[in-house]
Amino acid sequence: MIGIKIICVGRLKEKFYTDAQKEFLKRLTGYCKPEIIELPESLLPPEPSEAEVLRALEKECAVIERKFTAGAYLIALCIEGCAIDSVGLSNLLADCAGRGESKLNIVIGGSFGLHQRIKERANVRLSMSKMTFPHNLARIILLEQVYRAFKIIEGGKYHK
């Protein structure tokens, strides 16, 4: 069974988000070994300079990299990544499994995204949409889409 570690900068605070996360993690346990790693977001002033943002991204990058599972396939969620549909995500997961990838790391950055080093290290860069979502919602959407991908792979009725 494939292990999927979702590494997130920022914490879920609202109960409706934590409830949704709990529900999708429960559903996913039938298909994979899901794990959520929450990391603190760097505190920045209301209007940070480019240098301040870069320092924050470097700091977050170092913490993120320490959480990577050795040898895991890395997916970075970033705005400049390629957009795929639900079937495309199911194909990506199926291809990983077919190649014997037993560990996946998926990274969701903070308010200012991900450091370039993580993007360059990633096997795949994905964009969830051209729209901007709060990171809490993006996490729930990601969990739902991973669940949907497994249902597509199994041929279940969840995906229409």
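Since the structure is predicted, the reported quantities are computational estimates derived from the model, not experimental observations. Note that these values count all heavy atoms, side chains included, but never hydrogens, waters or copies made by symmetry.
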Report task. Give a yes or no on whether Y73 and I64 share a hydrophobic cluster (residues Ile, Leu, Val, Met, Phe, Trp, Tyr; joining criterion: side-chain heavy atoms under 4.5 Å apart). Result -> no
Requested in this report: Check whether any side-chain heavy atom of Y31 sits under 4.5 Å from a side-chain heavy atom of I2, and report yes or no.
Outcome: no
Query raised in the report: Would the number of heavy atoms belonging to other residues, nucleotides or ligands and lying under 6.0 Å from CD of E50 be above 12?
Result: no
Report task. Give a yes or no on whether F16 and L12 share a hydrophobic cluster (residues Ile, Leu, Val, Met, Phe, Trp, Tyr; joining criterion: side-chain heavy atoms under 4.5 Å apart). Result -> yes
Query raised in the report: What distance separates L104 CG from L93 CG, expressed to the nearest 0.5 Å?
Result: 6.5 Å
Query raised in the report: Does the pair T69 and K5 meet the rule for a side-chain hydrogen bond (donor to acceptor under 3.5 Å, both in side chains), with working shown?
Result: CA-CA 8 Å; T69 303; K5 182 189 288 185; 3.0 Å; yes
Query raised in the report: With a 4.5 Å limit on heavy-atom distance, are the side chains of C61 and L114 in contact?
Result: no
Report task. Ignoring hydrogens and angles, tell me if any N or O in the side chain of E41 forms a donor-acceptor pair with the backbone of S111 under 3.5 Å. Result -> yes
Query raised in the report: Any Lys/Arg nitrogen of R55 or E58 sitting under 4.0 Å from an Asp/Glu carboxylate oxygen of the other?
Result: no
Requested in this report: Return yes when atom NZ of K67 has more than 12 non-hydrogen atoms of other residues, nucleotides or ligands closer than 6.0 Å, and no otherwise.
Outcome: no
**Report entry** Donor-acceptor pair, side chain of E52 and main chain of L44, under 3.5 angstrom
**Finding:** no
Query - Step-by-step side chain to side chain contact (heavy atoms under 4.5 Å, CB included) determination, L92 to L89 - result: CA-CA 5 Å; L92 176 63; L89 182 60; 4.2 Å; yes
Query raised in the report: Is F112 linked to M131 within one hydrophobic cluster, defined over Ile, Leu, Val, Met, Phe, Trp and Tyr using a side-chain heavy-atom separation of less than 4.5 Å?
Result: no
Query raised in the report: If every non-hydrogen atom of L25 is compared with every non-hydrogen atom of P34, which pair is closest and at what distance?
Result: CD2-CB, 3.6 Å
Query raised in the report: Quick one: CZ on R27 to NZ on K151, what's the gap to the nearest 0.5 Å?
Result: 9.0 Å
Query raised in the report: Does anything in residues 132-146 pair up under side chain to side chain donor-acceptor pair (under 3.5 Å), and if so which pairs, sequence neighbours excluded?
Result: E14-N136, Q21-R139, E38-R139, S86-Q145, E144-R148, E144-Y158
Report task. Take M128 and L142 through the test side chain to side chain contact (heavy atoms under 4.5 Å, CB included) and record every step on the way to the result. Result -> CA-CA 8 Å; M128 296 185 75; L142 173 65; 4.3 Å; yes
**Report entry** All salt bridge (charged side-chain N to carboxylate O under 4.0 Å, His left out) counterparts of K15, not counting sequence neighbours
**Finding:** D19
Query raised in the report: In Å and rounded to the nearest 0.5 Å, what is the CD1 to CD distance from I7 to E60?
Result: 13.0 Å
Query raised in the report: Under 4.5 Å between side-chain heavy atoms, hopping through other hydrophobics if needed: is there a path connecting I75 to I140?
Result: yes
Report task. Taking all non-hydrogen atoms of both residues into account, name the closest pair between N105 and F68 and its distance. Result -> OD1-CA, 3.2 Å
Query - Closest contact, heavy atoms only, V9 versus P40 - result: CG1-O, 4.0 Å
**Report entry** Spatial distance of atom CD1 (I4) from atom CD (E35) [nearest 0.5 Å]
**Finding:** 11.5 Å
Report summary line: d(C8 SG, I37 CD1) to nearest 0.5 Å is 9.0 Å
Query raised in the report: So how far is it from C78 SG to R125 CZ, rounded to the nearest 0.5 Å?
Result: 6.0 Å
Requested in this report: Group every Ile, Leu, Val, Met, Phe, Trp and Tyr by side-chain heavy-atom contacts under 4.5 Å, then state whether I118 and I6 land in the same group.
Outcome: no
Report task. Evaluate the criterion side chain to side chain contact (heavy atoms under 4.5 Å, CB included) for residue pair S127 and L77; output intermediate values, then yes/no. Result -> CA-CA 6 Å; S127 171; L77 296 182; over 6 Å; no
**Report entry** More than 12 heavy atoms from other groups under 6.0 Å of CD1 on I79
**Finding:** no
Query raised in the report: What is the ring orientation for F24 with Y147, classed by angle as parallel under 30°, tilted 30 to 60°, or perpendicular over 60°?
Result: tilted
Report summary line: Closest non-hydrogen atoms of E80 and K119, given as atom of the first, atom of the second and distance, are OE2-NZ, 2.7 Å
Query raised in the report: Do you know which two heavy atoms are closest between I153 and S90, and how far apart they sit?
Result: CD1-O, 3.5 Å
